[in-house]
Amino acid sequence: MVKQYEEGNIELYFNDFANEKEVKQSFANLKPGVTAEQVQSCQSAVSGLVDLPAAYAVVVEKNRYSIA
């Protein structure tokens, strides 16, 4: 089987303590091979733009598998 990268997203989650919920912001078109440092930099940059404290980040990748 051959693995082929299809698409990826970074999903950032923030805590909204005042409303007792979690807020998700998704960023599409992630390039393959993103590093943990790049995800942290993205999370830090977005955290500087919002008042809510950052909870965590998730990288979601979709791959296609085919038989060679």
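Glu37 and Ser41 form no side-chain donor-acceptor contact under 3.5 Å, judged by distance and modelled atom types alone.
Listed by chain and residue number, Tyr56 satisfy the ring-ring contact (aromatic ring centres under 6.0 Å, His included) test with Tyr13 (two or more places apart in sequence, or in another chain). The side chain to side chain contact (heavy atoms under 4.5 Å, CB included) test applied to Lys31 returns no partner, not counting sequence neighbours.
By the neighbour-count criterion of 12 heavy atoms within 6.0 Å, atom CG of Asn19 is densely surrounded, having more than that number from other residues, nucleotides or ligands.
Chaining together hydrophobic side chains whose heavy atoms lie under 4.5 Å apart places Val23 alongside Tyr5, Ile10, Leu12, Phe14, Phe27, Leu30, Val34, Val39, Val46, Val50, Leu52, Val59.
Contact detail for Ser26 and Glu11: the closest heavy-atom pair is OG-CG, 3.8 Å. Annotation for Gln43 and Ala57: closest pair OE1-CB, 3.7 Å, computed over non-hydrogen atoms.
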>> Applying side chain to side chain contact (heavy atoms under 4.5 Å, CB included) to Asn15 and Glu22, what does each step give before you reach the verdict?
In response: CA-CA 5 Å; Asn15 290 318; Glu22 195 171 64; 4.2 Å; yes

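Note: Gln25 CD to Ser47 OG = 11.5 Å, rounded to the nearest 0.5 Å. In this structure, Arg64 CZ and Gln4 CD are separated by 5.5 Å, a value rounded to the nearest 0.5 Å. Taken from CD1 in Ile67 to CE in Met1, the straight-line distance is 6.0 Å, to the nearest 0.5 Å.
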